[in-house]
Amino acid sequence: MNKYNPKAIEKKWQKYWEKNKVYKKYNRPKKFYALDMFPYPSGAGLHVGHPKGYIATDVTARFKMLQGYSVLHPMGWDAFGLPAENYALKMKMHPRIAVDKNIAVFKKQLEMFGFTYDWDREVSTTDPGYYKWTQWIFLKLFEKGLAYESHEPVNWCPSCKTVLSNEDLEGNECERCGTVVEQRPMRQWVLKMTDYAERLLNDLDKEKLDWEAQIIEQQKNWIGRSEGIDIAYTIKGIDKTITVYTTRPDTNFGATFVVLAPDSNFVAENVDIFPNKEEVKKYIEATSKKTELDRISEGRKKTGVFTGLYAVNNLNGKKMPMYLSDFVLATVGTGAVVGVPGHDTRDFEFAKAMGIDIIRVVVGSDGDVSPIERAEQVQEEEGKMINSDFLNGLDIFDAKEKIKDYIEKKGFGKRKINYKMRDWVFSRQKYWGEPFPLVFCQHCADKIKSGQFKKGEFSQGELLNPGWIGMREKDLPLELPKVKSYETTGTGEGPLAGITKWVNTRCPKCGEKGRRETNTMPQWAGSSWYYLRYIDPKNKKALIDKKKEKDWMPVDLYVGGIEHATRHLLYARFWHKFLFDIKAVSTKEPFKKLIHVGLIQAEDGRKMSKRWGNVINPDDIISQFGADSIRLYEMFMGPFTQSISWSTAGVSGVRKFLEKVWRLQERVTSGKKYKANQKLQNLLHKTIKKVTEDIENFRFNTAVSSMMILVNEMDREEKLRAADYELLAVILSPFAPHMADELWSRLGHKKSIFLEKWPKWNPKLIRDEEIELVVQVNGKLRDRITVAADIAEAEAKTSALASERVQPFLTGKEIRKVIFVPGRLVNIVI
RNA sequence: GCCCAGGUGGCGAAAUCGGCAAACGCACCAGCUUUAGGAGCUGGCGAUCGCAAGAUCAUGUGGGUUCAACUCCCACCCUGGGCACCA
């Protein structure tokens with residue numbers, strides 16, 4: 001027998017599988033779609049942390065193949081976006097060239113692991129044949145009125161020179177470069193994601209979706225649904241009302257002031273009628289100069305200015321002074337709040353700072369009815385109403401409903417559901433992204449504004465955005481022009497604006513002069529639907545063939561980083577639901593089961609990074625130990641979803657295990673001549689059961705350890721039955737496929753092990769004849785006795801009491817109770 | 001501040017319908033083998049006491065429920081992640 005040489009056998013089997021299409025069996029009755037979050041092909045290549053999720057899906061994919069499923073397991077590239085563009089700028093090459101180079105490196109690295117990827121289905125978001133359909137989806141969204149041009153203030157990264165969506169921020173910093181973003185009013189395209197908020201929330205149902213609770217919670221919080229009421233207050237002396245949104249109308253008898261956001265529309269439109277307009281303007285000016293950072297460093301210290309106007313509380317006719325303060329945000333609710341300082345900490349702080357009255361209207365469980373003077377007294381979560389007219393004595397939850405009914409009946413308010421989630425800011429002032437399939441036509445704009453057009457001449461989106469005309473589907477894709485200067489301008493228009501030949505075109509509707517949109521789509525666009533394209537990657541007529549879509553969707557298993565919980569996963573669900581609405585797909589949700597991959601940290605406990613010089617390259621590990629070892633190690637190192645530090649010594653441990661498996665070949669003998677060892681049979685079938693269940697439940701670490709126990713046991717035998725050793729090879733094969741197939745062929749099989757059947761455990765063999773029964777005295781272990789597995793209670797108790805080791809603890813004591821747990825223990829209570 | 005996940009040997013961890021705490025692996029120690037080894041094999045490896053048999057203690061802290069608690073309940077501490085002046 002020659003030595004275990006992974007280098008030689010791994011190459012050999014990778015070629016064999018590819019050539020014989022071993023894992024491309026797509027005509028079986030049951031299907032399984034295993035999906036990885038496709039990578040961003042950066043210039044740095046892979047480190048050992050990246051493939052962990054891919055290994056897990058590959059183990060699952062091979063397991064499902066062995067169980068007789070058709071398995072779809074594709075891979076592709078998410079290659080548009082800022083990092084690719086920045087990398088290209090740095091290396092002074094066109095992003096296209098940089099991206100192709102990086103993809104080649106990534107692909108070569110991935111191939112060394114022996115994954116079951118069907119490379120015939122490879123997609124890249126930057127291929128015109130792919131982004132044609134990204135543009136098509138946008139066009140459909142536009143047609144349905146779900147895309148609109150906006151000039152509202154948005155997050156602007158001064159370093160990347162582009163706008164960013166809320167999902168692209170970490171706190172108030174650019175997720176890519178860490179620069180603090182500014183709020184700038186910019187022209188941009190926005191998708192009406194909030195129209196889908198309710199469905200995005202409701203379908204996050206643990207019953208329907210096999211997602212980790214953690215990710216469901218994160219998305220729920222991000223969507224941030226709240227139930228409240230919009231209340232309109234009349235303003236004294238002028239013919240206007242101010243509308244506020246509140247979730248606590250029950251406390252409204254305690255309202256003593258109103259605060260407006262300095263940058264709100266209401267203020268912008270009415271500042272000139274404020275009696276104190278000079279001070280107000282100064283305050284607006286001062287606020288606009290403050291960055292987010294300044295405001296955070298001020299902590300919760302409240303500042304503000306009185307407008308000179310009073311709003312009237314319609315409940316009791318009380319005059320409430322109207323202020324401006326920067327703690328009220330223009331983008332939240334209506335951009336104005338009603339101040340109830342007795343029962344809201346922020347309102348309390350503001351009232352203290354401005355010297356406004358504080359009224360108690362809720363009594364908490366402590367029964368305290370004294371005037372509210374300290375922040376700790378601010379009662380928010382429970383209690384009974386006082387000083388509140390017809391609400392007095394009610395619990396706050398009942399009061400809330402009663403006053404909502406009252407306000408609605410009186411006609412000065414309306415129940416409203418609010419979401420924290422905002423619409424999706426969808427344009428970037430960058431070169432390396434999908435161009436928008438839109439043309440601006442002044443002629444059409446005039447026509448729409450004048451109202452002189454036929455019904456059905458313009459789509460919903462065209463009417464919503466006068467002048468913007470969608471391209472015709474047959475003219476897609478609109479390719480990125482090849483240019484020399486694709487550097488960012490920073491003017492607010494994208495680099496494409498500089499290419500006049502490309503920008504100037506004809507209106508697809510009327511043929512008059514038009515100009516193209518020069519922003520591009522964000523990186524998230526292409527990744528919001530790629531899982532559909534794998535199913536039908538070369539279709540030129542449709543995004544996906546309807547029958548194929550029905551055959552494969554939904555994705556059965558989706559594995560990737562948790563950082564996408566509120567970004568990619570939200571965007572993809574949103575688009576999927578839209579595609580469902582236009583009948584392009586047949587499922588309401590795209591991803592049935594979702595599991596996040598735990599990070600692999602460097603051996604020093606820090607994040608693997610060039611900066612710390614602690615990056616481990618998978619190529620090195622594979623050349624030293626082999627691909628099967630790194631696969632097995634990453635599955636063995638700990639619970640899959642947990643962050644764990646890398647240990648190269650740990651890899652050598654699993655390599656030793658594989659060597660042991662290899663050496664066992666020598667002991668294999670023909671099953672007919674050699675009688676099966678009952679104890680080993682028992683353990684073997686227990687292991688089959690454990691490995692099967694563990695793979696299904698993503699507990700790979702315990703699956704591997706149970707195989708180690710089996711192999712240690714086999715190592716004690718002088719001879720092994722071929723049939724037993726073969727079963728070991730099959731259950732090991734998803735983890736260490738190269739070795740498994742090599743052993744399989746050495747055992748005389750002509751076909752790949754992956755065309756075999758996954759073994760079923762034999763329940764008879766698993767049943768133990770004899771067991772160790774634990775004997776406790778007052779819950780403390782005193783002895784173990786070997787008894788028949790199905791021992792009767794009375795007999796077990798007698799044997800336990802008779803135990804020599806137990807006797808000394810019983811002498812002179814009264815036995816009060818004896819507890820018998822079948823198959824486990826006897827506990828003697830004295 | 002709010003939400004989520006977690007806290008077990010020197011390290012990664014295992015055990016959760018309450019029932020033998022530390023499986024499996026790493027590191028370490030001793031011995032065998034070897035010219036040698038960073039190779040292989042055998043044994044040891046939570047703490048304290050003890051020559052030993054064994055005893056006692058031990059799963060972040062403090063209580064509670066129970067014959068029995070890593071597991072359930074209450075309060076608190078710490079770590080990681082998310083959100084955050086969201087009205």
Side-chain angles (χ1 to χ4, degrees), chain A residues 170-172 212-222 224-226 228 244-249 251 259 261 295-296 298-302 325-329 331-340 343-347 349-350 380 418-422 562-563 565-566 596 598-599 603 605 632-633 636-639 641-654 656-657 659-660 663 699 701-712 715 772-784 805 808 816-830:
Chain A
E170 274 172 10
N172 63 333
E212 289 169 285
Q214 204 185 344
I215 298 179
I216 290 183
E217 276 312 306
Q218 262 190 52
Q219 274 206 12
K220 279 187 178 169
N221 288 344
W222 187 265
R225 182 183 194 273
S226 65
V244 303
Y245 172 77
T246 177
T247 56
R248 294 297 305 277
T251 61
V259 189
R295 283 170 63 173
I296 285 166
E298 282 170 13
R300 297 173 64 101
K301 217 174 107 191
K302 299 288 184 287
S325 177
D326 62 6
F327 86 88
V328 176
L329 307 174
T331 51
V332 175
T334 62
V337 300
V338 58
V340 183
H343 305 285
D344 181 284
T345 317
R346 294 152 304 177
D347 294 351
E349 288 161 357
F350 187 73
E380 294 200 71
N418 199 50
Y419 298 94
K420 274 205 296 191
M421 187 179 82
R422 300 267 87 94
I562 195 158
E563 68 274 19
T566 53
H596 86 274
L599 275 181
E603 237 157 325
L632 200 63
Y633 171 67
F636 178 61
M637 63 195 300
T641 57
Q642 194 166 305
S643 291
I644 297 173
S645 293
W646 175 263
S647 157
T648 301
V651 186
S652 73
V654 295
K656 273 191 221 164
F657 162 73
E659 302 256 12
K660 207 181 263 183
R663 283 196 309 270
R699 294 190 300 246
N701 54 331
T702 48
V704 175
S705 82
S706 73
M707 287 189 283
M708 285 174 168
I709 293 167
L710 174 66
V711 167
N712 288 343
D715 197 30
E772 254 191 5
L773 202 64
V774 165
V775 184
Q776 299 179 333
V777 178
N778 278 2
K780 277 188 182 150
L781 174 75
R782 294 304 176 193
D783 196 12
R784 296 159 220 258
R805 285 170 183 261
R816 290 173 49 201
K817 213 198 262 183
V818 180
I819 288 153
F820 172 65
V821 183
R824 296 214 184 254
L825 56 73
V826 175
N827 189 14
I828 304 162
V829 187
I830 55 172

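Every chain is numbered from 1 and lettered A, B, ... according to where its sequence line falls, protein lines coming before strand lines.
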Considering only side-chain heavy atoms of [X], which listed nucleotide, [options], is closest?
| X | options | value |
| --- | --- | --- |
| A:Asn701 | B:C86, B:C24, B:A14 | B:A14 |
| A:Ile819 | B:G12, B:C86, B:C67 | B:C67 |
| A:Lys302 | B:C85, B:G19, B:A14 | B:C85 |
| A:Ile709 | B:G19, B:A23, B:A87 | B:A23 |
| A:Gln214 | B:C85, B:C86, B:C4 | B:C4 |
| A:Lys420 | B:A87, B:C83, B:C24 | B:C83 |
| A:Trp222 | B:C83, B:C41, B:C85 | B:C83 |
| A:Val332 | B:G12, B:G19, B:A87 | B:A87 |
| A:Glu217 | B:C4, B:G12, B:C41 | B:C4 |
| A:Arg663 | B:A68, B:A87, B:G40 | B:G40 |

In whole Å, measure the gap between the [atom1] atoms of [N] and [M] for me.
| N | M | atom1 | result |
| --- | --- | --- | --- |
| B:U59 | B:G54 | P | 24 Å |
| B:C78 | B:C24 | C1' | 29 Å |
| B:A15 | B:G7 | P | 12 Å |
| B:A22 | B:C70 | C1' | 11 Å |

The criterion is salt bridge (charged side-chain N to carboxylate O under 4.0 Å, His left out); which residues satisfy it with A:Glu563, sequence neighbours excluded?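 With sequence neighbours excluded, A:Glu563 shows a salt bridge (charged side-chain N to carboxylate O under 4.0 Å, His left out) to no residue whatsoever.
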
Could you say whether A:Met708 or A:Thr566 is positioned toward the 5' end of RNA chain B, judged by the nucleotide with the nearest heavy atom to each?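 With A:Met708 and A:Thr566 compared, the 5'-side residue is A:Met708.
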
Of A:Asn221 and A:Gly650, whose nearest nucleotide on RNA chain B comes first from the 5' end?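 The residue whose closest nucleotide sits nearer the 5' end is A:Asn221.
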
Closest non-hydrogen atom pair between A:Glu603 and A:Thr648, with its separation: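 Here A:Glu603 and A:Thr648 meet closest at OE2-N, 3.6 Å.
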
Nearest-Å distance, [atom1] ([X]) to [atom2] ([N])?
| X | N | atom1 | atom2 | value |
| --- | --- | --- | --- | --- |
| A:Leu710 | B:C24 | CG | P | 13 Å |
| A:Arg824 | B:C67 | CZ | C1' | 16 Å |
| A:Leu781 | B:U56 | CG | P | 11 Å |
| A:Arg782 | B:G54 | CZ | P | 12 Å |
| A:Asp326 | B:C86 | CG | P | 14 Å |

So [X], base contact, sugar-phosphate only, or nothing? Heavy-atom distance under 4.0 Å.
| X | result |
| --- | --- |
| A:Arg699 | nothing |
| A:Val829 | sugar-phosphate |
| A:Gly653 | sugar-phosphate |
| A:Phe657 | nothing |
| A:Glu349 | nothing |
| A:Lys656 | sugar-phosphate |
| A:Leu825 | base |
| A:Asn712 | sugar-phosphate |

Relative to the ring of A:Tyr633, is the ring of A:Trp646 parallel (under 30°), tilted (30 to 60°) or perpendicular (over 60°)?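 A:Trp646 vs A:Tyr633 ring planes: perpendicular.
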
Side-chain N,O ([X]) to OP1/OP2 ([N]) below 4.0 Å:
| X | N | answer |
| --- | --- | --- |
| A:Lys780 | B:C57 | yes |
| A:Arg805 | B:G54 | yes |
| A:Arg346 | B:G1 | no |

Identify each atom pair where a protein N or O and an N or O of nucleotides 44-49 of chain B are less than 3.5 Å apart, giving names and distance.
none

Any side-chain donor paired with an acceptor under 3.5 Å for A:Asn712 and A:Lys660?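 Looking only at side-chain atoms, A:Lys660 and A:Asn712 do form a donor-acceptor pair, the distance falling under 3.5 Å.
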
Secondary structure of RNA chain B per the Watson-Crick/G-U criterion (both distances under 3.5 Å; [ ] crossing, | other strand, . unpaired) is (((((((..(((......[....))).(((((.......))))).((((....))))..(((((..]....))))))))))))....

